[in-house]
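Each chain gets a letter, A, B and so on, in the order its sequence line appears, and its residues count up from 1.
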There are 2 protein chains.
Amino acid sequence: MTQLEIARRGHTSPQMQRVAEDEHVSVEYLQQGLADGTVVIPCNNRRNNAKPYGIGKGLRTKINANIGTSAEFGDKASEIAKAQAAIGAGADAIMDLSTGGDISGIRRSVLEASTVPLGTVPIYQAAVEATEAHGAIVNMTVDGLFDAIKEHCEDGVDFITVHCGITQASVSRLKQQGRVTDVVSRGGSFLIGWMLHNERENPLYEYYDRLLDIAGKYDVTLSLGDGMRPGCLADASDRPQIEELITLGELVQRARDAGVQAMVEGPGHVPLDQIATNVQIEKSLCKGAPFYVLGPLVTDIGAGYDHIVATIGGAIAASAGADFLCYVTPSEHLSLPTLEDVKEGVIASRIAAHVADVVKGVKGAREWDLAMSKARKALDWETQIKLSLDPERARRVHNRMPSSGAACSMCGPYCAMEVMAKYLGITSQKC
Amino acid sequence: MTQLEIARRGHTSPQMQRVAEDEHVSVEYLQQGLADGTVVIPCNNRRNNAKPYGIGKGLRTKINANIGTSAEFGDKASEIAKAQAAIGAGADAIMDLSTGGDISGIRRSVLEASTVPLGTVPIYQAAVEATEAHGAIVNMTVDGLFDAIKEHCEDGVDFITVHCGITQASVSRLKQQGRVTDVVSRGGSFLIGWMLHNERENPLYEYYDRLLDIAGKYDVTLSLGDGMRPGCLADASDRPQIEELITLGELVQRARDAGVQAMVEGPGHVPLDQIATNVQIEKSLCKGAPFYVLGPLVTDIGAGYDHIVATIGGAIAASAGADFLCYVTPSEHLSLPTLEDVKEGVIASRIAAHVADVVKGVKGAREWDLAMSKARKALDWETQIKLSLDPERARRVHNRMPSSGAACSMCGPYCAMEVMAKYLGITSQKC
């Protein structure tokens, strides 16, 4: 049985108990969210080395770090190192997006090395294998695609991105729309290329029940991909994107009916003032399904700093109700990320998630800020460093210019905290 | 005559013409904004080596970089280097906050080296001199404070932060409130310490007309400081902060009546969902005076990454109508910034400003993103790099892993842009 089915029957699982404890919510709350489909616990029933995480309504905003080889760069060792760096920096989940080298071997090694849920995009492997065996992605067979999906699920992958919402109708809307950057989702482009070349419906849509059977068997959470994700501000919130989202809403319903856990993927490049709308329309069209967003990137010109651009969008999206943020690294749009990029991307994404959790009222979020502020007022540097997102970095920066007094090197003897402590002499009521 | 007085008489100045041209607005629009006080052009009439910038309604969001020595670190050379790094990275203004070494000499050197408007906080120098001459900040004399202000204005400083809105009434509200971090504005803490110790009203409030005389003579723009700026999320938008803002609104009106340009300073630490409110209340209480915000920092726990935290807050604030963003560097709360920190802080702040300009409809903002997106679709790397915020960094990251194909190393032969170009075969209507 899947976590959804267990919850729907009013039972609990060890995963639910663990998540409820971590999130400081009741098991009943979690059970209800799972049964309603507003919460998922991506947790393949063949996997036993990962800590379960809940994603959805009322829970801490989670973040995902993408890793993986490309055709020319990376191998098993580099990807295990990236997975470990991401987890060490605080990632709640990892996606292995490998398209080069021994894809199956890399995935299995990352699964072994990871203590967090792992996601993949099986069509990447199917496309690479079709290219190698039959000369082109468009020569991929339907069975080849489903074999890749089955292999990933059997290996223990916890969630898979499947671009089921692309249909001939959405492709037609795409053509009619006339976009600046057409399609930037890799999986989406593979499927659309295949559909146009073969003049057939998207197999992930046509044979969606076959997908549900596989996902249900292993309790793999479907992450319904947004193949029509806007690749630039000018393409945001347009007709193909919303057409696909309507279909995804229908597919969420079918997944729930089949007892399969499902979340929905969204954004990409979106102007700041359209982000909340994007979250609201997903929640409404997909009946509250957890929303997993890439970025959003609130400008197209941030190459080299897209982790910062995504932090703006991620904070706003999560504040508006997005549940799961996919990180963006400083190398986005330019290159595969390095180990250091992975760490920077995870920290940036954690900032976005936490900032949102403060305003979402997630338990423990404001308390963390308050503890930090009290330590700051007290000029208690050890506690401030301990409470920082990245204590090692905070310590290094603080110690770079050692001040002779209690204050830091920025203000030295002219520290506002010290002046006020001396002259105000009030005991704060909040402390 | 000040720019405000010139505009009010229906005349134009070379500064207005230059700003109108840079901003793609009409001189009449600018003239009206200056006359209404919704726009300022900080431009000391003794200064002739700086490019004039307009700050306010309908104009591009500007950003400021703080530099300056502390008691134990920095000298003339280090601060000139920081000013140049900030301007090189795209800062629209610099503030010299020096509190160590030859403060006057450093300010004059930075003025000479800067091609952008320069701001200072004269009370810093007055406080340091009072400490040196009389043993403590609270022994500062009223004349000592006004002498420092006069010296800065005579030197050619374009805008000065003056915490005129702190009054015995706001200090009383501060005591009654009971804050977690009391007062974190340095100038604010100096004045409050002085007021409590000497049991007197804030001289910048009591002798505001004296300040207006000096500012009017040199056309120095008053940046009405927020001494009650919240230093943590828990203190945001509280009674002392809003009490001070009401007073600042009155002082804006008096400045306008005296023909003196004025803007208002705000935020600090503010939860994401209170930022728009903070901007709206400033605009309403201060009759549309340009709003100059520090950060805002949307969490207290970001030490080491506070430039990213501030970018979230700055983007939202500017989208809601803030006009001028003060950068925050990665060293905030921990140490004086390094040269590299200054650059990182400026770029992060430029991202916030641009992201807001896109949604504010500032001319040229969306066009920049569109040009980048077209280059991205065309896999035209030279143009993408040229259009990046920081071309040097974009080039370095792109070249780090050289791909053998047209796409970057992230996707290699499995590039969505290439797949779509091959199979979709539509000519985008927007291109």
Side-chain angles (χ1 to χ4, degrees), chain A residues 70-73 99 175 178-184 186 189 193 196 232-234 271-273 298-301 303-304 308 311-312 315 319 331 334-336 348 351 355 358-359 369-370 372-373 377 388 390 393-394 397-398 400-401 408-410 412-414 416 419-420 423 426 428-430, chain B residues 70-73 99 175 178-184 186 189 193 196 232-234 271-273 298-301 303-304 308 311-312 315 319 331 334-336 348 351 355 358-359 369-370 372-373 377 388 390 393-394 397-398 400-401 408-410 412-414 416 419-420 423 426 428-430:
Chain A
S70 65
E72 298 176 298
F73 295 92
T99 57
K175 288 181 178 172
R179 277 185 161 184
V180 175
T181 55
D182 296 331
V183 171
V184 296
R186 245 194 300 183
S189 76
L196 291 166
C232 64
L233 300 190
L272 187 143
D273 60 354
V298 286
T299 176
D300 306 326
I301 60 151
I308 298 181
T311 306
I312 302 171
S319 302
S331 289
L334 294 169
S335 163
L336 261 196
I351 291 171
V355 157
V358 164
V359 303
D369 286 68
L370 187 59
M372 172 64 107
S373 301
K377 171 69 184 160
S388 298
D390 179 358
R393 177 154 163 176
V397 175
H398 181 61
R400 197 175 52 205
M401 298 186 201
C408 79
S409 59
M410 183 170 254
Y414 304 103
V419 173
M420 291 312 294
Y423 295 104
I426 59 170
S428 171
Q429 295 164 9
K430 280 187 190 157
Chain B
S70 66
E72 300 177 296
F73 295 93
T99 56
K175 287 180 180 173
R179 277 182 160 187
V180 175
T181 55
D182 295 332
V183 171
V184 297
R186 245 192 304 181
S189 75
L196 290 167
C232 64
L233 299 192
L272 187 142
D273 59 354
V298 286
T299 176
D300 306 324
I301 59 150
I308 297 182
T311 306
I312 300 171
S319 302
S331 289
L334 294 169
S335 162
L336 264 195
I351 291 172
V355 158
V358 164
V359 304
D369 286 69
L370 188 59
M372 173 63 108
S373 302
K377 170 71 187 162
S388 298
D390 179 359
R393 176 155 164 174
V397 174
H398 181 61
R400 196 176 52 207
M401 297 186 201
C408 78
S409 58
M410 184 172 252
Y414 303 103
V419 172
M420 290 312 295
Y423 295 104
I426 59 170
S428 171
Q429 295 164 10
K430 282 186 191 158

Taking C-beta and beyond as the side chain, do [X] and [Y] meet within less than 4.5 Å on heavy atoms?
X: A/M401; Y: A/M410; result: no
X: A/V358; Y: B/L272; result: no
X: A/K377; Y: B/D182; result: yes

Output the option from [options] having the highest count of non-hydrogen pairs under 4.5 Å with chain A.
options: B/V397, B/L233, B/L334; value: B/L334
options: B/V359, B/I301, B/I308; value: B/I301
options: B/C408, B/G304, B/S409; value: B/S409
options: B/S70, B/S373, B/G412; value: B/S373
options: B/I312, B/D369, B/D390; value: B/D369

Looking at B/A303 and A/A394, what are the two nearest heavy atoms and their distance? O-CB, 4.2 Å

Any idea which heavy atoms bring B/S189 and A/V419 closest together, and the distance? O-CG1, 3.3 Å

Could you walk me through whether B/R400 and A/S331 pass the side-chain hydrogen bond (donor to acceptor under 3.5 Å, both in side chains) check? CA-CA 10 Å; B/R400 196 176 52 207; A/S331 289; 2.6 Å; yes

Engaged part of [X] at the chain A interface, taking heavy atoms whose separation is under 4.5 Å:
X: B/T311; answer: both
X: B/V298; answer: both
X: B/V183; answer: both
X: B/M372; answer: side chain

So which part of [X] gets closer than 4.5 Å to some heavy atom of chain B, the side chain, the backbone, both or neither?
X: A/Y414; value: both
X: A/L196; value: side chain
X: A/T99; value: both

